[in-house]
Amino acid sequence: MTVVAQQREQLRSVIREAIAAAQASGELTLNDVPEIGLEVPRETDHGDFASNIALVTAKSAKKPPREVAQIIVGHLSEEGFIEKVEIAGPGFINFFLSNEWLYNTLRVIETQGLQYGNSQYGQGEKILLEFVSANPVGPMNVVNARAAAVGDTLARLFRAVGYTVGTEFYVNDAGNQADVFARSLEARYQQLSNPDYPFPDDGYPGDYVAELAAVLQNEQPDLLELPLEERLAFCKRWGTDQMVEMQKADLKNYGVEFDLWFRERDLHAAGALEDVIGYLRERGYLFEAEDALWFKSTAFGDDKDRVIVKSDGSYTYVTADIAYHHDKLKRGYTKLIDIWGPDHHGYIGRMVAAIQALGYAEDTLEVLILQYVALLRDGQQVKMSKRAGEFITMQDLVDEVGKDAARFFFLNRSPESHLDFDLDLAVEQSSENPVFYVQYAHARIASILRQAGEMGVSIPTTGQVDLGLLQHDSEIALLKQLAALPEEILMAAVQREPHRLTRYALDLASLFHSFYAHCHILGERPELRDARLSLVQGVQTVLKKVLFTLGVDAPEQM
RNA sequence: GCGCCUGUAGCUCAGGGGAUAGAGCAUCGGACUUCUAAUCCGAGUGCCGCAGGUUCGAUUCCUGCCAGGCGCGCCA
């Protein structure tokens, strides 16, 4: 249990006893006592913890909230850890506690290190997180970059709260787009020896296809001797493999590594589509109409039924995707989370239907939809056009602003919000740039610890110092923020809201910079100096932990 | 037409059934013989899109409307 949770439980039982005593004395008559809410107020004036119990129970007590609060407070037992109790506003009971629990936070951080903030909340559940899954026919875009940042940090959050997590990138290397890509590549190859060779109307125009063709010619100079069909098959396999390797490298450079790159073609090769069709047929969810085979997804709330096998005998995209999700479930995952772009939201209904048709609960599949990203330069939206070749790829973005800024900016917004990405701000090396602001806090602490070493001051453990010397407002505020980390991590994971963490990091950095301006460390008398060194070390550990979870570097100096 | 997302300070965005709605930027004014001034301190700013409803209490929940973005294929 976390320090905050422990403190909350302790207070809760004191309140519960007070209510019981008040009831016994006849001053309070409640039909039932609800769960006692205790929040950590934003305003320090409102104490360490505040309860709205009097507001909630006022109705059943048939008394005004403030009067209920007065009665409860009157029956609170004397406790050493409670310094002051106030009734405020419409009837809140505010508790001011002694600082001991805050000092204890520092001891816990020291013991747990980078494990601090972790929990066992998700134990027993296996989550499969699928994200990015960009087609292996071209470079990744900025929405892919957003998905990569959000997915990767969610995976780190899930692991932190005890889930078993697998991350996967689904490679659509068997569909129409892969065929178009193969024809494009083949045409570029032909053009190397015959510049007039026609390029397909629907082909991919990017230069990368021609560059790839040159590599291919080097590796396979005799390719044109193969019959057309074999040649295209080779281009498809080899070309998509090349693209996957590029995507892998780009993502690694971005701090994202997947547990598994799942190939659609492997599903086809293993007969998984036929298998899942057979399975759905047995269960009575398929029917034939208009020369095609349909999945009766409307039986599970989808808008319309979906074609599974087209009239020409080929499969649709959804067929392979159903087989893929079936495969995930057969591998023992209890929860599937997919992160998709905004253009796929209409796809949710059919996939959720498919999951149910396969015999799983509706909420087994959860789909997170990201919204679009607009890039701003000089305050103007950067216009992108694939056709005109004006297109900023994920790699362009990372080259321009760096991995840390890119990830932090994407994670700094709630995932379902449209995002304006300010390219000028992202490269700015000042406090205006939030990622620098946070990293600087970490580097500043590293610098203090380095200088302490140079001065011959050894870094103390919490057991060697008098933490009670930490009394300054800025020190108390820092300690409270450190104590809040475990609940922040849990909430960010449970609500799938990684932006809570960037916010937390910014707040912590801000509190540290303020502390730094108000409190000196190395020049102080040894007792105070050591207590502050302990504090600063705790802050550094937590900053490192949060930055790691965001996938952002924690520099020792800047 | 139906569906999803968004609408909060000049700008970019948090928040969320309750206490005086927050942060950064921008604007203005201060602080460096002192551990990194890549920092800190102080000041002003709000029909929380509009209209109803539920509630002791709504910016938050519900309904309708308005505005912006996106989606509704035997494409992926």
Side-chain angles (χ1 to χ4, degrees), chain A residues 39 41-43 45-46 50 52 55-56 58-59 64-65 88-92 94 133-135 137 172 174-178 180 202 264 289-294 303-304 306-321 341-349 369-372 374 376 379 409 412-422 425 428-434 436-437 439-441 443-452 454-455 457 474 497 499-500 502-503 506-507 509-510 512-524 529 532-533 536 557-558:
Chain A
E39 58 159 25
R42 234 183 149 59
E43 304 272 334
D45 295 353
H46 297 158
N52 65 348
L55 293 148
V56 175
K59 197 169 197 175
F92 288 100
N94 295 339
S133 299
N135 287 325
V137 298
N172 300 128
N176 273 351
Q177 294 196 18
V180 172
D202 59 350
E264 181 184 351
E290 303 164 51
D291 295 327
L293 185 64
W294 296 69
D303 300 345
K304 49 184 97 165
R306 307 294 172 174
V307 170
I308 286 291
V309 181
K310 299 183 222 174
S311 48
D312 69 359
S314 64
Y315 300 109
T316 60
Y317 177 78
V318 72
T319 315
D321 220 14
D343 50 334
H344 282 65
H345 95 260
Y347 198 77
I348 298 174
I369 297 292
L370 294 178
Q371 294 301 318
Y372 273 108
L376 303 181
F409 274 53
N412 199 22
R413 293 280 175 270
S414 92
E416 71 269 18
S417 279
H418 301 258
L419 170 66
D420 285 333
F421 193 115
D422 187 334
L425 179 60
E428 204 160 309
Q429 310 219 341
S430 76
S431 62
E432 292 168 35
N433 184 345
F436 275 84
Y437 185 79
Q439 289 180 314
Y440 180 47
R444 253 186 164 175
I445 295 172
S447 168
I448 294 166
L449 298 177
R450 263 197 313 272
Q451 295 216 15
E454 286 163 17
M455 291 165 63
V457 173
S474 66
E497 291 178 338
H499 67 286
R500 281 171 170 273
T502 52
R503 191 136 222 103
L506 284 164
D507 288 344
S510 169
F512 169 75
H513 287 307
S514 178
F515 158 79
Y516 182 89
H518 287 108
C519 300
H520 275 250
I521 300 169
L522 298 178
E524 298 289 345
R529 176 198 67 201
R532 286 182 174 162
L533 281 172
V536 152
Q557 50 185 317
M558 294 174 70

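Residue numbers start from 1 in every chain, and the chains themselves are labelled A, B, ... in the order their sequence lines are given, proteins ahead of strands.
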Q: Round to the nearest Å and state the distance from A/Phe436 atom CZ to B/C25 atom P.
A: 16 Å
Q) Rounding to the closest angstrom, what is the interatomic distance between B/U63 and B/U20 at atom P? A) 29 Å
**Q.** Derivation of the side chain to side chain contact (heavy atoms under 4.5 Å, CB included) call for A/Asn94 and A/Asp45
**A.** CA-CA 9 Å; A/Asn94 295 339; A/Asp45 295 353; over 6 Å; no
Q. Planes under 30° and centres closer than 5.5 Å, is that true for A/His518 with the base of B/C40?
A. no
Q.
I want to check something: taking the side chain as every heavy atom from C-beta on, are A/Gln557 and A/Arg450 in contact at a cut-off of under 4.5 Å?
A. yes
Q. Would you say B/C41 has OP1 or OP2 under 4.0 Å from some side-chain N or O of A/Ser514?
A. yes
Q: Using the C1' atom as the reference point in each nucleotide, state the distance between B/U59 and B/U8 in Å, no decimals.
A: 8 Å
Q) Any idea which of B/C40, B/C74, B/A37 is nearest the A/Lys310 side chain? A) B/C74
Q.
Students often get this wrong, so: under 4.0 angstrom with heavy atoms, is A/Gln439 touching a base, only sugar-phosphate, or nothing?
A. nothing
Q. What's the spacing between A/Thr319 OG1 and A/Ile308 CD1 if we round to 0.5 Å?
A. 4.0 Å
Q. When all nucleic acid strands are considered with a 4.0 Å heavy-atom cut-off, which category describes A/Ala58: base, sugar-phosphate, or nothing?
A. nothing
Q: Evaluate the ring planes of A/Phe512 and A/Tyr516, with Trp represented by its six-membered ring, and classify them as parallel (under 30°), tilted (30 to 60°) or perpendicular (over 60°).
A: tilted
(Q) So, OP1 or OP2 of B/G73: does either fall under 4.0 Å of a side-chain N or O from A/Lys304? (A) yes
Q | N or O in side chain of A/Arg503 less than 4.0 angstrom from B/C13 OP1/OP2 | A | no
Q) Counting just side-chain N and O atoms, does A/Tyr347 come under 4.0 Å of either OP1 or OP2 of B/G73? A) no
Q: Determine if the base of B/C13 is syn or anti; take syn to mean the glycosidic torsion is within 90° of 0.
A: anti
Q) So does A/Tyr372 get a side-chain nitrogen or oxygen closer than 4.0 Å to the phosphate oxygens (OP1/OP2) of B/C4? A) no
Q | Minimum-distance nucleotide (side-chain atoms of A/Ala517 versus B/C35, B/C74, B/C40) | A | B/C40
Q.
Under 4.0 Å, counting only non-hydrogen atoms across every strand here, what does A/Ala452 touch: a base, just sugar-phosphate, or nothing?
A. nothing
Q: Answer yes or no: side-chain N or O of A/His418 and base N or O of B/C5 forming a donor-acceptor pair under 3.5 Å.
A: yes
Q: Specify the separation, in whole Å, of atom CD of A/Glu416 and atom P of B/G3.
A: 19 Å
Q | Side chain to side chain, A/Thr316 and A/Arg306, heavy atoms closer than 4.5 Å | A | no
Q) Any idea which of B/G69, B/A19, B/C35 is nearest the A/Gln371 side chain? A) B/G69
Q | Nearest-Å distance for atom pair CG/C1', residues A/Leu419 and B/C11 | A | 15 Å
Q | Length of the line joining A/Ile369:CD1 and B/G3:P, which is rounded to integer Å | A | 17 Å
(Q) If you compare every side-chain N and O of A/Ser414 against the phosphate oxygens of B/A14 (OP1, OP2), does one of them come in below 4.0 Å? (A) yes
(Q) Give the dot-bracket line for RNA chain B from 5' end to 3' end: parentheses for intra-strand Watson-Crick or G-U pairs under 3.5 Å, square brackets for crossings, | for inter-strand pairing, dots for unpaired. (A) (((((((..((((....[...)))).(((((.......))))).....(((((..]....))))))))))))....
Q: Choose from B/C40, B/A76, B/C74 the nucleotide whose nearest atom is closest to any side-chain atom of A/Trp294.
A: B/C74
Q | Phosphate-side-chain proximity, A/Ser417 and B/A14, N/O vs OP1/OP2 below 4.0 Å | A | yes
Q) Which nucleotide sits closest to the side chain of A/Lys59: B/C40, B/U55, B/A19? A) B/U55
Q: Could you work out which one of B/A19, B/C35, B/C4 sits closest to the side chain of A/His345?
A: B/C4
Q: Confirm from the modelled atom types if A/Ser311 and B/C74 form a donor-acceptor pair under 3.5 Å, side chain to base only.
A: yes
Q) Taking N and O atoms by type only, does the side chain of A/Asn94 place a donor or acceptor under 3.5 Å from a partner on the base of B/A19? A) yes
Q: In whole angstrom, give me the gap between the P atoms of B/U45 and B/A21.
A: 11 Å
Q. Which nucleotide, B/U6, B/C74, B/A19, lies nearest any side-chain atom of A/Ala292?
A. B/C74
Q | Nucleotide nearest A/His520 when distance is taken to its side chain, options B/U34, B/A19, B/G71 | A | B/U34
Q: Examine B/G15: is either OP1 or OP2 under 4.0 Å from a nitrogen or oxygen in the side chain of A/His499? Give yes or no.
A: yes
